[in-house]
Amino acid sequence: MQPTFLSNLNEVQRQAVVNTDGPVMVLAGAGSGKTRVLTFRVAYLIYKGVDPRNILALTFTNKAAREMKERILQLIGDNNAHSVWMGTFHSVFARILKMESEKLGYPHDFSIYDTDDSKSVIKSVVRDFNFDEKIYNTGHILNRISSAKMNLIDPAAYKNDPEIQSQDKLSKKPLIWQVYQEYWNRCKRSAAMDFDDLLYNINLLLHNHPDVLEKYQNRFKYVLVDEYQDTNFAQYLIMKKLAAKSQNICVVGDDAQSIYAFRGANIENILNFGKDYPGSKVFKLEQNYRSTQRIVAAANSVIVNNQSQLHKTVWTENDGGEPISLLKAANETDEALLVANAVFHSKMTYHLKNSDFAILYRTNAQSRALEDALRKMNIAYRVYGGMSFYKRKEVKDLLAYFRLVVNPSDNEAFFRVVNYPVRGIGNTTINKLSVLAAEREQPVWKIVSEIDRIPTGFNSGTIKRLVEFKDIIVHYQEQLNSTDAYELAGKIATGSGIVKALFEDRSPEGVTRYENIESVLNGIRTFQDEYVNENEGRAPSLSDFLQMVSLFTNMDESEEEEVDRLSLMTVHSAKGLEFPYVFITGLEENLFPSSMSMSSRAEIEEERRLFYVAITRAMSKLTLSYADTRYRWGDLSFCTPSRFLEEIDSSLLDIPRKFSQSRGFQQKLPLKDKSGVQQKSYNRLQKKEVQQPTFSHPFRDDEVADVVDLVAGQKVEHARFGEGLICFIEGTGHNKKATVDFKGIGRKQLVLKFARLKILNS
DNA sequence: CTCCTCCCTTTTTTT
DNA sequence: AAGGGAGGAG
């Protein structure tokens, strides 16, 4: 017998849920109920009697995991749903690494380095090696190291890989391997893992310890992966190993929504699933339940321009919906005002909430103008991503104290707080300490804790101050086992002097910082309460809190407050979300698509998928906007409309569109250089031949058939899809729709009012 | 050692 | 536009 909740699914969805055993791939078009399938599948497994602890479900954000658990609870009312292993790759595997850390030579409470920590280590390595910091640029090196780790290449393999070496030579940085090696050593010495290490080390663990592998293969009898198109090689391999025994792997994804190639996502993972798991079942979810016909059609008309994709036809039974609007602005301020106005207007006309709206953009920097405009219109908003709470200086400082108490080997944490608040330990001392630590290949902490016993050459005043600092940390370390996380955190906040330092700063920023410290402490309390609830009364340690915080995604921040707010976020952040009203702003060449992603077809196609993701977030109304000029890098530049705008089927827009033929040109305003001479800068596209995209030319009004004249069996022509045969017609008046078989394209559902079909004589 | 100022670079997206 | 680094003064 099947549980009643399955009746809420369509046939394909149901199949994707009940085929629990053996490998399954679900190709899910945008808005086709992907999350629903995943949720129901887990619920169904539990319903069938699978122990929730035997299920591993990897989601894209921790928030998604939390929501999914709640939903499962509602579906099956089983209180054990929270013991499903569910979360992001990083958070789930950090948890496992914590349990198995000693097998890899790490302490139980290893630190997790965020990007800033990693960059800081790299920077100090480059300095210590006396490499040119301009050439050995931290960001680039971190990228190289990161992609090496994602492909399970350790420093030795990196050094011996001819292709990598020739790439590095080509970029004039032939010695990156040395930096990588030293970076690797220093992280290890600090008992720290960076984001990539979490996945690398899990692979190492499963590879080197067959008993551990078997343990987890037996534990995770069912594994599910969301957003499979965005997994990298390390993630792919982990799943492959874990599922090798049971073969009960279910991956869900959409190649058209793969937008993370820049961080190593490998689209081959989803394309090769069939080869990796012979006998796998594939389910295609193609019916979109989210968006209007126009929005689906717009998304489809954009994505067909990509050459590499799996065949999939997303369609919907929803209404045609409103036309897509296009706003043209003079500059970014003007654009923001137009958008804010449009929001205000729709809000008043249709009595909508702020939370019905989302404004999306390509880069975080674009939020500023939009925020100003929204404030002017008195529309409450919330900016996602960007500077996240846990990235603020004062918050990171406090967390660094926590880290140092929990893991004294953590050099980055040490250097961050040894002289904050100021206690007379300056650069000279810090440099000496770090040299000593490097010479002895020990954590700085080790030197400091033995400072009165080893010859260091510090004067007595410096030694005294260092010992005082050491004693502060030791004092809290002694309380780790006797004091709960919240209480200890409070003691550290005051005892370290942070609270006092911030309290004395009465400037508005100082007050905010003080409040942020309070928020961290409140956050720990909330975390502790939830943790106790979910873990049979067991209290979390400070290190549990740190682990959670360092793997926070920018979408995980809770929104407990009751204020009704519009959402502002990057398109990347919007993935997986939906909103009734969506604005996509800054649709200009060099911005969206990004100037960083225009050098190859693959890059442009990723930008196009990104635009596809953006469009498909909209449920009932989509508005696009672009500006003619925009301040970038502090100076004004002329913009041309994005090539993607031209790819949207014209008939879907509410105003005719006229773009200048000079698309692809973005010229900076002539700038005065220091000598007062006019300078010109051109971007590279200006010199290249610009390939014009193919336009679809709508028919003249007199060629288009009257809606009433169209009947089943008629041969028609569509501006975009070409020749086709009407299969049947349904609905009346405005909603009259036809299902048409197009030659070589297949069956499409069209709202006749907008389709502008021409009748062909047969 | 600390603080201040000036100058320089950097701007895609994120776990 | 904004943050980081260098260099100089106290």
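Each chain gets a letter, A, B and so on, in the order its sequence line appears, and its residues count up from 1. What you see below is based on every heavy atom in this structure, not just the backbone, and it leaves out hydrogens, waters and symmetry mates.
Nucleic acid contact class of A/Asp114 (heavy atoms, under 4.0 Å, all strands): none. Nucleic acid contact class of A/Thr61 (heavy atoms, under 4.0 Å, all strands): none.
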Checklist entry - What's the verdict on salt bridge (Lys or Arg N to Asp or Glu O under 4.0 Å) for A/Lys119 and A/Asp116, showing C-alpha distance, side-chain angles and the deciding distance? => result CA-CA 5 Å; A/Lys119 281 187 176 164; A/Asp116 288 343; 5.6 Å; no
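Stacking of A/Lys575 on the aromatic ring of A/Tyr260 is not recorded, the 6.0 Å distance cut-off and the 45° axial limit not both being met.
Ring centroids of A/Tyr113 and A/Tyr183 are separated by 6.0 Å or more, keeping the two rings apart. For A/Phe469 and A/Phe414, the gap between ring centers is short of 6.0 Å. For A/Trp85 and A/Tyr216, the distance between ring centers is not under 6.0 angstrom.
Donor-acceptor pairing under 3.5 Å is lacking for the side chains of A/Glu332 and A/Tyr631. Side-chain contact check for A/Lys432 and A/Thr462: no donor-acceptor pair (N or O, by modelled atom type) lies under 3.5 Å. If you check the side chains of A/Ser625 and A/Glu335, you find a donor sitting under 3.5 Å from an acceptor.
Distance, A/Phe592 CZ to B/dT13 P: 12 Å, rounded to whole Å. B/dC1 atom P lies 15 Å from atom NZ of A/Lys464, rounded to whole Å. Atom-to-atom, OH of A/Tyr361 to P of B/dT14 comes out at 9 Å; the value is rounded to the nearest Å. One interatomic measurement links the two molecules: CG of A/Leu142 to C1' of B/dT14, which rounds to 12 Å at whole-angstrom precision. Regarding A/Asp117, its CG atom lies at a distance of 15 Å from the P atom of B/dT15, rounded to whole Å. Taking atom CD1 of residue A/Ile259 and atom C1' of nucleotide B/dT14, one finds them 10 Å apart after rounding to whole Å. One atom, CZ of A/Phe552, and another, C1' of B/dT15, lie 13 Å apart when rounded to the nearest Å. Whole-Å rounding puts the A/Asn232 CG to B/dT14 P distance at 17 Å.
Applying the 4.0 Å criterion to OP1 and OP2 of B/dC1, one finds that A/Thr429 has a side-chain N or O inside that range. Checking the phosphate oxygens (OP1, OP2) of B/dC1, a side-chain nitrogen or oxygen of A/Thr428 falls inside 4.0 Å.
Checking B/dC1, B/dT2, B/dT15 against every side-chain atom of A/Val422, the shortest atom distance belongs to B/dT2.
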Where do N or O atoms of nucleotides 10-12 of chain B meet protein N or O atoms at under 3.5 Å, pair by pair?
residue : atom : partner  : partner atom : Å
B/dT12  : O2   : A/Arg362 : NH1          : 3.2
B/dT12  : O2   : A/Arg362 : NH2          : 2.2

Under 3.5 Å between N/O atoms: give me all the protein pairs with nucleotides 3-10 of chain C, atom names plus distance.
residue : atom : partner  : partner atom : Å
C/dG5   : OP1  : A/Lys123 : NZ           : 3.3

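Each of A/Thr115 and A/Asn427 lies near DNA chain B, and the nucleotide nearest A/Asn427 is the one positioned closer to the 5' end. Comparing A/Leu610 and A/Asn419 against DNA chain B, the residue whose closest nucleotide sits nearer the 5' end is A/Asn419.
Between A/Tyr180 and A/Lys149 there is a side-chain heavy-atom pair separated by less than 4.5 Å.
Looking only at distances, no side-chain donor or acceptor of A/Glu607 sits under 3.5 Å from a matching main-chain atom of A/Ser597.
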